[in-house]
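Written out below as structure tokens is the structure these notes cover.
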Amino acid sequence: MGAGAAEQDAQGAPPGVRIVADVAGAFSYASYQNAVPVLRALTLVNGTRATFEGCRLELAAVPPFLRPRVWNIDRLLPGDELAASDRRLELDPAYLAGLDEAERGEVRLVLRQGAPKGGPNGGRILAEARHPVRLLARDEWGGVADMAQLLPAFVMPNDPAVAPLLRGASEKLAKHGFPPGLDGYQSGDPARVRLMVAALYATVAERDLHYAEPPASFELRGQKVRRPSVIASTGLATCLDSALLFAALFEGAGLNPVLLMFEGHAAVGVWLKKRTLPDAVVASPMELRKAIAAREFMALETTGVTRRPVRPVGDAEAALL
């Protein structure tokens, strides 16, 4: 089971009747936007010799970021391990979008037998499971432990602060006698891509950004993320903020970025040829190391733009080699 799985038999329930569920340990508005399931697996286990008929499994969340759901189970035979194929849950996107700070939540599953006499919570309780959930702020990423696959959702090439930076990089290219277009991989020349990256780096370096210390173990537990407009207005950026900013700029220039996560640190890379990684999340760095050796990929220490004096782009690249 995943990190969010938990089991707890209700007091007085028949021993051996269990609800085994894999529930996401953290959830956010970005999870909803990217159709990440809250309930990843759900199985009812009857380890007794009894048959239970006329059952229903009830799900509810506190606070109500999920709408309640009921599964009707006609019969649970001895030894059954009944897996739910339909685990769709209806979320409340307005609630998730309105979170400015993280909250503690809980998903409760109750298996009951018998007609709901005297209200919706009637009937004999056969089993119960409670699952703690972290409900994150709208601008918060939950870390690689729970949300590694969602980090690209915080790359925002359409943020209003990105276009002026792209324009500034284009003007720098023209000023130095190069074609001003930020035309991605159209040239087929890695040297041209390097020029665009250098122009983007120099443009950000002129914005007088200052380094902000990230929370401890942010790569595991996550942190609030400053979008490009917030970085532009405050002049502050953690390593993750600046990596996401550069990833947005590279996407805006038609390039394919890669977010790089280390223990206590984040950086960004970009393909110099039109390539991508085979999977959204790759644990081993071997493929990127090979691509760097083949001069098909470059990695940047993005906090170089917050140093005084600013670290040149060549040094920012060498820092991660």
Q | Check: Ser170 side chain, Arg167 main-chain N or O, donor-acceptor pair, under 3.5 Å | A | no
Q) Are the side chains of Ile292 and Leu320 in touch, meaning some heavy atoms are under 4.5 Å apart? A) no
Q. Looking only at atom types and distance, does a side-chain atom of Arg207 sit under 3.5 Å from a main-chain N or O of Thr203, one as donor and one as acceptor?
A. yes
Q) Is Tyr185 reaching over with its side chain to a backbone N or O of Asn256, donor-acceptor style, under 3.5 angstrom? A) yes
(Q) Tell me if the NE2 atom of His210 is crowded by more than 12 foreign heavy atoms within 6.0 Å. (A) yes
(Q) Using the rule that Ile, Leu, Val, Met, Phe, Trp and Tyr join whenever any side-chain heavy atoms are under 4.5 Å apart, tell me whether Leu236 and Val230 fall into a single cluster. (A) no
Q) Given side chains that start at C-beta, do those of Arg18 and Glu81 come closer than 4.5 Å, heavy atoms only? A) no
(Q) Checking the side chain of Arg40 only, and the main-chain atoms of Pro37 only, is there a donor and an acceptor separated by less than 3.5 Å? (A) no
Q | Contact check, side chains of Glu287 and Val282, non-hydrogen atoms, under 4.5 Å | A | no
Q.
Heavy-atom count check: over 12 atoms from other residues, nucleotides or ligands less than 6.0 Å from Asp86 CG?
A. yes
Q. Do any N or O atoms from the side chain of Asp80 and from the backbone of Asn46 form a donor-acceptor pair under 3.5 angstrom?
A. no
(Q) Tell me whether Asp92 contacts the main-chain N or O of Ala94 through its side chain, where contact means a donor paired with an acceptor under 3.5 Å. (A) yes
Q | Test log, rule side chain to side chain contact (heavy atoms under 4.5 Å, CB included), inputs Cys55 and Leu126 | A | CA-CA 9 Å; Cys55 302; Leu126 300 179; 3.8 Å; yes
Q: Report, as yes or no, whether the 6.0 Å neighbourhood of atom CZ on Arg295 holds more than 12 heavy atoms from other residues, nucleotides or ligands.
A: no
Q | Contact check, side chains of Ile231 and Leu244, non-hydrogen atoms, under 4.5 Å | A | no
**Q.** Over all atoms of both residues, closest heavy-atom pair of Glu251 and Pro157
**A.** OE1-CG, 3.4 Å
Q) Which distance, rounded to the nearest 0.5 Å, do you find between the CG of Leu150 and the CZ of Phe27? A) 8.5 Å
Q) Any side-chain heavy atom of Leu89 sitting closer than 4.5 Å to one from Arg69? A) yes
(Q) If you compare all heavy atoms of Trp71 against all heavy atoms of Leu109, which two are closest, and at what distance to 0.1 Å? (A) CZ3-CD2, 4.3 Å
Q: Tell me, yes or no, whether the heavy-atom count around Arg104 atom CZ, taken from other residues, nucleotides or ligands under 6.0 Å, exceeds 12.
A: no
Q) Run the side chain to side chain contact (heavy atoms under 4.5 Å, CB included) check on Arg275 and Val258 step by step: do they pass? A) CA-CA 11 Å; Arg275 281 191 56 189; Val258 177; over 6 Å; no
Q: Have a look at Met196 and tell me which of Leu166, Val270, Leu255, Leu249 forms a side-chain contact (heavy atoms from CB on, under 4.5 Å) with it.
A: Leu255
Q: List the atom of Met156, the atom of Pro228, and the distance in Å for their closest heavy-atom pair.
A: O-CG, 4.1 Å
(Q) When you group the ILVMFWY residues by side-chain heavy-atom contacts below 4.5 Å and let the links chain together, are Val281 and Met261 in the same group? (A) no
Q: Kindly determine whether Asp146 and Arg134 satisfy side chain to side chain contact (heavy atoms under 4.5 Å, CB included), including the steps that lead there.
A: CA-CA 10 Å; Asp146 294 312; Arg134 286 192 300 146; 3.4 Å; yes
Q.
Could you tell me if Asp159 and Ser229 have a donor-acceptor pair between their side chains, going purely by distance under 3.5 Å?
A. yes
Q: List the atom of Pro78, the atom of Thr51, and the distance in Å for their closest heavy-atom pair.
A: CD-OG1, 3.2 Å
Q.
Taking CG in Asp74 as the centre, count heavy atoms belonging to other residues, nucleotides or ligands within less than 6.0 Å. Is the count above 12?
A. no
Q | Side chain to side chain, Asp208 and Glu206, heavy atoms closer than 4.5 Å | A | no
Q | Geometric class of the Phe297/Trp271 ring pair [parallel <30°, tilted 30-60°, perpendicular >60°] | A | perpendicular
Q.
Are more than 12 heavy atoms, taken from residues, nucleotides or ligands other than Glu106, located less than 6.0 Å from that residue's CD atom?
A. yes
**Q.** Val144 vs Leu220 side-chain heavy atoms within contact, under 4.5 Å
**A.** yes
(Q) Just verifying a value: how many Å separate Arg124 CZ and Leu111 CG, rounded to the nearest 0.5 Å? (A) 10.0 Å
**Q.** Trace of the side chain to side chain donor-acceptor pair (under 3.5 Å) decision for Tyr201 with Glu317
**A.** CA-CA 11 Å; Tyr201 184 92; Glu317 182 181 7; over 6 Å; no
Q.
Are Leu240 and Pro214 packed together at the side-chain level, in the sense that at least one heavy-atom pair is separated by less than 4.5 angstrom?
A. no
**Q.** Value rounded to 0.5 Å, distance of CG in Asn34 from OH in Tyr29
**A.** 10.5 Å
**Q.** For Gly184 against Val193, the heavy-atom pair lying closest together
**A.** O-CG2, 4.1 Å
Q) Are Leu57 and Leu82 linked, directly or through other ILVMFWY residues, by side chains that come within less than 4.5 angstrom of each other? A) yes
Q. Can a salt bridge be assigned to the pair Glu140 and Arg221 using a cut-off of 4.0 Å between side-chain N and carboxylate O?
A. no
Q. Can you tell me if Thr303 uses its side chain to pair, donor with acceptor, with the backbone of Cys239 under 3.5 Å?
A. no
(Q) Main chain of Gly114, side chain of Arg56: is a donor-acceptor contact present, judged purely on distance under 3.5 Å? (A) yes
Q.
Membership question, hydrophobic clusters at under 4.5 Å side-chain separation (ILVMFWY): are Leu66 and Val36 in the same one?
A. yes
Q) CD/Glu103 to CG/Leu136 distance, rounded to the nearest 0.5 angstrom? A) 10.5 Å
Q. Is Val133 reachable from Val62 through a run of I, L, V, M, F, W or Y residues, each pair having side-chain heavy atoms under 4.5 Å apart?
A. no
Q) Do side-chain atoms of Trp141 reach the backbone of Ala30 as a donor and acceptor pair under 3.5 angstrom? A) no
(Q) For the CG atom of Leu245 and the CZ atom of Arg227, what is their distance to the nearest 0.5 Å? (A) 12.0 Å
Q: For Glu219 and Gly264, indicate whether the former's side chain and the latter's backbone hold a donor-acceptor pair under 3.5 Å.
A: yes
Q. Between CG of Leu200 and CG of Leu165, what distance do you get to the nearest 0.5 Å?
A. 8.0 Å
Q) Which atoms form the tightest heavy-atom contact between Glu301 and Ala319, and what is the distance? A) CB-CB, 4.0 Å
(Q) Can you confirm whether Tyr32 is buried at OH, in the sense that more than 12 heavy atoms of other residues, nucleotides or ligands lie under 6.0 Å from that atom? (A) no
Q) Going through the distances and angles, do Leu59 and Val107 end up as a side chain to side chain contact (heavy atoms under 4.5 Å, CB included)? A) CA-CA 7 Å; Leu59 179 145; Val107 174; 3.9 Å; yes
Q) Salt bridge between Asp189 and Arg194, side-chain N to carboxylate O under 4.0 Å? A) no
